[in-house]
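In what follows, chains carry the letters A, B, and so on, assigned in the order in which the sequence lines appear, proteins first and then strands, with residues in each chain numbered from 1. The structure presented is a predicted model; accordingly, all values stated were derived computationally and were not measured.
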Amino acid sequence: MIDIKLLADDPERVKASQVARGDDPALVDEVLDADARRRAALTEFEQLRARQKSLGKEVARAQGPDKERLLRETKAIASTVRELSASAEASISERDALLTAIGNVIIDGVPAGGEDDYVVRELVGTPRDFAAEGFAPKDHLEIAEGLKAIDMARGARVAGSRFYFLQGVGARLELGLLNAGMALAVERGFVPMITPTLVLPEVMRGAGFIDRHADEVYRLEADDLFLTGTSEVALAGYHGGEVIDFADGPKRYAGWSTCYRREAGSYGKDTRGIIRVHQFNKIEMFVYCDPADAESEHERLLDMEREMLAKIDVPYRVIDTAAGDLGQSAARKFDAEAWFPSQSRYRELTSTSNCTTFQARRLGTRMKGERGNEIVATLNGTLATTRFLVAILENHQQPDGSVVVPEALRPYVGLDVLIPAP
RNA sequence: GGAGGCGUCGCCUAGUCCGGUCUAUGGCGCCGCACUGCUAAUGCGGUUUGGGUUUAUCGCCCAUCGAGGGUUCAAAUCCCUCCGCCUCCGCCA
C-alpha cells in the first residue's frame, strides 16, 4: 500500500508514476476525495461517541430522576452512534479500496511503458556459436530426455499438464544448484530459511498476491489457506506487525521452498518442458532494511544474482524493467535473462524487486526511526530456481548429448558431466 | 478428533465471578530530570500502538485488553465464532 501522506504532499509525483505504469492518474484525486470523506465521517462519529462516553460516566454517578433523565438522553443517541460508526468504517474501506489500486511509486530512472520498453543495463558473456562447432543445439527437454533427467509424460499422468518428474541426473542437478545457491547466501550473511508454503489469507494479501494476482494462486478452500508461488510470501509475513531493530544492519534471508503457480493466464505459452510449470523449487532472497538503504540493497541482490549466474556460466543480460511491467509492489525491478540457444533469445531467470515501503506498510513491519516507528523497506530477488536447469542444459550441451556441469556446481552436483542414459 | 485451562499497553502481573470512578493496577526494564567527584543507590516524572484535531508544539478527542461478531444507554468484564499456546485422552505416519 502506498503512503497516503505522499498522495497529499506530492500528488503530481504519484500521478506521473501512474502514467509511466500505464495506470489511471485520476485515481490519485479519487483517493484524496475519499480520504476527505473518511476524515469527515470519522470526526462526526468521534464527536458523538465522546458525548456518549461522558454521558455514560454521568449515568454511573447519578441517582434517581437524574439518572432516568440521563439514561433517556444517552439511549436516544445510541443508535446514531452506531450508524455513524458504520459509515465511518465504510468510508475507510472505500478509501482503502481506491488506495490499494495505486501501485508503488516508481523510482526515478525506471523506463516508462510496458513489457517491451525495458532498458538493457548490461550484457555478460557471448552466446556459443553452435554453427561453428558443427551441430544444431537441442532444446532443454530433448537434452533432458536423452539424459533421463526430466519425465514430462508421467508428470502429466500423475498431476496433469505442466507437472513433471525430475529424475536421476536431473534431480541431482537441481539439488546441487539449490545447495550451491544456499551456500552462496550463507557465505554472504543471509539467514537460510525453509518456509511454510501454505499461508493465511492475510499474509497472502499483505505480500500483495491477492489483489492483482488472485487467479494465479492456488487456494485450499476447505482450510482457507493459500499455496505460495514463492517463499517471498512467507518471508514477507515473517516479521509482519513487528518493530525491527536494524542496529546490526538489514535483515537478510534466503528462503528455500517449493513454489506453486496456476499459470492461469498462460495457456499455450511455454508448454514444452519446464520453462513454465505449476510446481518448482526456488531459493529466494528477502531483505528488510531502512528505506534509506533500499537502493543499495537492491544492487546487492542483483550482485548476488550475477554471482549465481557466473556459477552456472551462461551468457545473460540484465534489464531494468519498464514501469508497466512492474508488480504492484515494486518501485523498480531488475531481471537477469539467460541466453536460451534453442530459442535464440534471452529469457528471465532471476528477478529482483525493490518494494520500498509499499509491501511493509500493508504488513505492518516497522523500525525504530527518528520520528518514532517508521515503515521499513522490503526487497526480494531470485537466487536459484528450477528454470536455471533449462539454461544449464542448453548452454552446456555437447554434440553427443552429454552436458558439461559448470565447474562451480560440480562439488554440489557430484558429477563433471551428465551422460546420456543407454 | 474429544475434554479442560490460558491469551491484559517491551517482559511479568492486578482487574473478568457480580458490566459503569478502568482515564487498565503494581513490579521489572527503558528514557528524562534532581542529588552525587564517577558509578551505584535514592527521589520525581515519563514509557502500547494507530487515527482525528493542530502550521508545529502543548493539549484535547476516538479506537486498541489474541481476532471478528453480538447483547447493552454503557463491555477487558456477559454471549457466539475463529486463531494461538499449554495439559490430558483418542487416532496416526
Legend entry - For A:R188, all residues meeting side-chain contact (heavy atoms from CB on, under 4.5 Å), sequence neighbours excluded: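 So A:R188 forms a side-chain contact (heavy atoms from CB on, under 4.5 Å) with A:L184, A:F190, A:M304, A:E307.
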Inset, instruction - Applying side-chain contact (heavy atoms from CB on, under 4.5 Å), name anything that partners A:K75, two or more places apart in sequence or on another chain. - result: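 Applying side-chain contact (heavy atoms from CB on, under 4.5 Å) to A:K75 gives none.
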Mate of [N] where both pairing distances stay under 3.5 Å, Watson-Crick or G-U:
N: B:U36; answer: none
N: B:G45; answer: B:C31
N: B:U57; answer: none
N: B:U16; answer: none
N: B:A24; answer: none
N: B:A3; answer: B:U87

Taking only residues two or more places apart in sequence, or in another chain, which ones meet [X] in a side-chain hydrogen bond (donor to acceptor under 3.5 Å, both in side chains)?
X: A:T350; answer: A:E305
X: A:E242; answer: A:H239
X: A:Q47; answer: none

Inset, instruction - Provide the closest heavy-atom pair for A:V105 versus A:S17 in the form atom of the first, atom of the second, distance. - result: CA-OG, 3.4 Å
Legend entry - Under 4.0 Å protein heavy-atom contact, by nucleotide of nucleotides 50-65 of chain B - B base, S sugar-phosphate only: SBSS-------BBS--
Legend entry - Residues from residues 67-76 of chain A lying under 4.0 Å of RNA chain B - heavy atoms: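 Only A:L71, A:T74, A:K75 qualify.
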Inset, instruction - For residues 155-176 of chain A, pull every pair meeting ring-ring contact (aromatic ring centres under 6.0 Å, His included), keeping only residues two or more places apart or in separate chains. - result: A:F163-A:H278
Inset, instruction - Please collect all side-chain hydrogen bond (donor to acceptor under 3.5 Å, both in side chains) contacts where either partner lies in residues 404-415 of chain A, sequence neighbours excluded, each pair once. - result: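 For residues 404-415 of chain A, and leaving out neighbouring residues, there are no side-chain hydrogen bond (donor to acceptor under 3.5 Å, both in side chains) pairs at all.
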